[in-house]
Amino acid sequence: MKNILVTGGAGFIGSNFVLYMLDKYPDYNMIVYDKLTYAGNLDNLLDASDDPRYHFVRGDICDPVTVEETIQKYDIDTIINFAAESHVDRSILDPDAFIRTSVNGTYVLLEAARRLGLERYHQISTDEVYGHIPDGYSSVESDPLEPRSPYAASKASADLLVNAYFVTYNLPVTITRGSNNIGPYQYPEKVLPLFATNAIDGLPLPVYGDGRQKREYQYVIDHCEAIDLVLHKGELGHAYNIGTAEEMENMTMVEILLDTLDKPRSLIRHVEDRPGHDRRYSLNTTKIQALGWQPRHTSAEAIRKTAVWYRDNEWWWRKIKEGDFKEYYQLQYGERLAK
Ligand SMILES: NC(=O)c1ccc[n+]([C@@H]2O[C@H](COP(=O)([O-])OP(=O)(O)OC[C@H]3O[C@@H](n4cnc5c(N)ncnc54)[C@H](O)[C@@H]3O)[C@@H](O)[C@H]2O)c1
């Protein structure tokens with residue numbers, strides 16, 4: 001493993017992963033391949049911009065010609081596919097791009113990896129592929145996939161394709177299924193940066209429903225460490241859950257966030273819930289722990305660290321919130337907040 005193609009590497013987790021890998025492995029080259037949708041942002045990669053081991057290619061993973069040209073140009077041996085439309089609310093408003101990128105795009109990458117004989121294809125997946133999980137149970141990797149939103153269904157479809165390429169063509173694949181990530185460079189439509197930046201500006205925090213949904217909040221660099229471990233020590237053809245194994249109600253997250261930013265609870269506004277909102281996700285992480293991984297941050301530590309980053313990095317998020325984001329926010333929350 002030396003020349004790694006990181007698709008979706010200008011997004012939140014992908015960019016954190018690129019910076020982490022450049023720092024950790026002096027002899028690896030990181031080639032970011034990204035369409036730069038609204039969620040892709042080269043500001044996330046500013047710290048790598050002068051590094052000769054980092055290259056950026058603007059391209060769509062659904063475009064087989066550019067994908068193959070890039071693999072050949074940079075002598076790629078490994079693909080890590082982070083590219084996806086990633087926001088559940090947007091998948092409810094308009095699923096088209098979700099299906100296209102996760103299903104067709106994953107297929108294009110798998111075909112390229114197969115035809116060009118790459119050393120490894122790694123798929124970044126999510127806990128949402130397991131669907132809503134009842135209290136008292138945590139998903140294991142062999143559980144059936146029961147996605148409930150168009151986003152989750154598009155990700156589950158990609159996992160099934162990856163598995164099919166392993167079984168049918170013996171392609172060397174691995175999959176990781178991460179829980180909710182938080183940290184620097186997350187587009188402010190997602191709950192943590194949305195609430196942190198709203199709180200900083202003294203704006204209401206629109207909490208879906210009763211806010212008693214249970215989630216894990218995982219620090220993005222912990223997730224990157226686990227992906228790195230699976231790349232180097234994971235068993236081919238296997239999926240690995242990555243999470244804190246510590247669940248938290250959304251309301252608890254909101255309270256920790258407000259306390260960290262020294263903002264009043266009166267900013268909390270309960271609004272109409274997301275349709276089909278999964279009440280609970282929970283991952284059994286025994287398999288990744290057996291490889292030697294443990295998260296370094298508790299959920300509370302991850303929330304506090306993330307809140308402080310948004311407080312200290314207005315340069316990054318303020319221009320996003322002042323752009324097209326406003327239109328999306330109005331569509332998603334305008335009526336909900338007006339009720
Ligand atoms: N954010 C989370 O909490 C979380 C948790 C588990 C898994 N994941 C998965 O991790 C991956 C990254 O998530 P994220 O939160 O960083 O998302 P993000 O939306 O911040 O980034 C996605 C990136 O993919 C790029 N992209 C989208 N469509 C593309 C296409 N057709 N071709 C090339 N590039 C394209 C975008 O420009 C963007 O840079 C996704 O696959 C997501 O499903 C995310």
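Indexing begins at 1, ligand by ligand and atom by atom, following the structure's order. Numbering of residues begins at 1 and proceeds along the displayed sequence.
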Subject >> Closest protein heavy atom (residue, atom, distance) for atom 21 (O) of ligand 1 >> reply: Gly11 CA, 3.4 Å

Original post:
When you look for heavy atoms under 4.0 Å from ligand 1, do you find them on the side chain of Ala97, its backbone, both, or neither?
Top reply: neither

**OP:** Report yes or no: do Tyr20 and Asp228 form a side-chain donor-acceptor pair below 3.5 Å?
**Re:** yes

**OP:** May I ask you to check whether Lys190 has an N/O atom sitting below 3.5 Å from an N/O atom of ligand 1?
**Re:** no

**OP:** Can you sort out which atoms of ligand 1 are near Ser125, meaning under 4.0 Å from one of its heavy atoms?
**Re:** 6 (C), 7 (C)

**OP:** Report yes or no: does Thr7 contribute a side-chain atom to a donor-acceptor pair with the main-chain N or O of Ile80 at less than 3.5 Å?
**Re:** yes

Subject >> Atoms in ligand 1 with a heavy atom of Ala84 nearer than 4.0 Å >> reply: 22 (C), 24 (O), 27 (C), 40 (C), 41 (O)

Original post:
Which protein non-hydrogen atom lies closest to atom 6 (C) of ligand 1, naming both residue and atom, and how far is it?
Top reply: Gly178 O, 3.3 Å

Original post:
To the nearest 0.1 Å, how far is atom 9 (C) of ligand 1 from its closest protein heavy atom, and which atom is that?
Top reply: Ile124 CG2, 3.8 Å

Original post:
Which atoms of ligand 1 have any heavy atom of Ser179 under 4.0 Å away?
Top reply: 5 (C), 6 (C)

Original post:
Considering only heavy atoms of Phe82, which atoms of ligand 1 have at least one such atom less than 4.0 Å away?
Top reply: 11 (C), 12 (C), 40 (C), 41 (O)

**OP:** Answer side chain, backbone, both or neither: which part of Lys155 comes under 4.0 Å from ligand 1, heavy atoms only.
**Re:** side chain

**OP:** Report yes if some N/O of Ala83 lies less than 3.5 Å from some N/O of ligand 1; otherwise report no.
**Re:** no

Subject >> Close approach, Tyr151 and ligand 1, non-hydrogen under 4.0 angstrom >> reply: yes

**OP:** Report yes or no: does Gly105 have a heavy atom closer than 4.0 Å to ligand 1?
**Re:** no

Subject >> Which residue and heavy atom of the protein sit nearest atom 34 (N) of ligand 1, plus the separation >> reply: Lys35 N, 3.1 Å

**OP:** Run the numbers for me: atoms of ligand 1, each under 4.0 Å from some heavy atom of Asn180, listed by number.
**Re:** 3 (O)

Subject >> Identity and distance of the protein heavy atom lying nearest atom 4 (C) of ligand 1 >> reply: Ile13 CD1, 3.6 Å

Original post:
Cationic tip of Lys305 within the cone over Tyr219's six-membered ring, i.e. under 6.0 Å and within 45° of the normal?
Top reply: yes

Original post:
So which heavy atom in the protein is nearest atom 24 (O) of ligand 1, and how far is it from that ligand atom?
Top reply: Gly8 CA, 3.5 Å

**OP:** Just jot down the ligand 1 atoms closer than 4.0 angstrom to any heavy atom of Ser86, in number order.
**Re:** 17 (O), 18 (P), 19 (O)

**OP:** Would you please indicate if the ring centroids of His55 and Tyr33 are separated by under 6.0 Å?
**Re:** no

Original post:
Is there any N or O on Thr101 that sits under 3.5 Å from an N or O of ligand 1?
Top reply: yes

**OP:** Return the residue, atom name and 0.1 Å-rounded distance of the protein heavy atom closest to atom 3 (O) of ligand 1.
**Re:** Asn181 N, 2.8 Å

Original post:
Is there at least one pair of N or O atoms, one from Thr37 and one from ligand 1, spaced under 3.5 Å apart?
Top reply: yes

Original post:
Which of the numbered atoms in ligand 1 are below 4.0 angstrom from a heavy atom of Gly59?
Top reply: 32 (N), 33 (C)

Subject >> Residue pair Gln123 / Asn81, side-chain donor-acceptor N/O under 3.5 Å >> reply: yes

Original post:
Just checking, is any N or O donor in the side chain of Ser282 or Lys214 under 3.5 Å from an acceptor N or O on the other one?
Top reply: no

Original post:
Step by step, would you call Phe82 with Phe17 a ring-ring contact (aromatic ring centres under 6.0 Å, His included)?
Top reply: CA-CA 10 Å; Phe82 289 90; Phe17 180 76; 5.4 Å; yes

Original post:
Can you name the residues that form a salt bridge (charged side-chain N to carboxylate O under 4.0 Å, His left out) with Arg279, not counting sequence neighbours?
Top reply: Asp210

Original post:
So, Tyr240 versus Trp293, ring centres under 6.0 angstrom or not?
Top reply: no

**OP:** Answer yes if the ring centres of Tyr38 and Tyr187 are under 6.0 angstrom apart, and no otherwise.
**Re:** yes

**OP:** Output yes when Glu225 and Arg296 qualify as a salt bridge under the 4.0 Å nitrogen-oxygen rule, no when they do not.
**Re:** yes

Original post:
Quick one: is the NZ or CZ of Arg114 closer than 6.0 Å to the six-membered ring centre of Tyr169, and within 45° of its axis?
Top reply: yes

Subject >> Tyr187 contact mode with ligand 1 (heavy-atom cut-off under 4.0 Å) >> reply: neither

Original post:
Phe98 ring centre to Arg90 NZ or CZ under 6.0 Å, with the angle to the axis within 45°?
Top reply: no

Original post:
Which one holds for Leu36 and ligand 1: side chain close, backbone close, both close, or neither close, with close meaning a heavy atom under 4.0 Å?
Top reply: backbone

Original post:
Is there at least one pair of N or O atoms, one from Phe12 and one from ligand 1, spaced under 3.5 Å apart?
Top reply: yes

**OP:** Considering the heavy atoms of Asp60, write down every atom of ligand 1 situated less than 4.0 Å from one of them.
**Re:** 30 (C), 31 (N), 32 (N)

Original post:
Any nitrogen or oxygen of Tyr33, main chain or side chain, under 3.5 Å from a nitrogen or oxygen of ligand 1?
Top reply: no

**OP:** Using distance alone, determine whether Thr126 and ligand 1 share an N or O pair under 3.5 Å.
**Re:** no

Subject >> Candidate pair His232 and Tyr25, rule ring-ring contact (aromatic ring centres under 6.0 Å, His included), full reasoning >> reply: CA-CA 12 Å; His232 291 92; Tyr25 296 103; 5.1 Å; yes

Subject >> Neighbour count above 12 (heavy atom, 6.0 Å) for Glu335 CD >> reply: no

Subject >> Shared-cluster residues of Val140, by chain and number - hydrophobic side chains joined below 4.5 Å >> reply: Val129, Tyr130, Ile133, Tyr137, Leu145, Leu160, Leu283

Original post:
Would you find a donor on one side and an acceptor on the other, under 3.5 Å apart, between the side chain of Ser138 and the backbone of Asn284?
Top reply: no

Original post:
To the nearest 0.1 Å, how far is atom 38 (C) of ligand 1 from its closest protein heavy atom, and which atom is that?
Top reply: Asp34 OD2, 3.6 Å

Original post:
At a non-hydrogen distance cut-off of under 4.0 Å, which region of Ser102 contacts ligand 1 (side chain, backbone, both, or neither)?
Top reply: neither

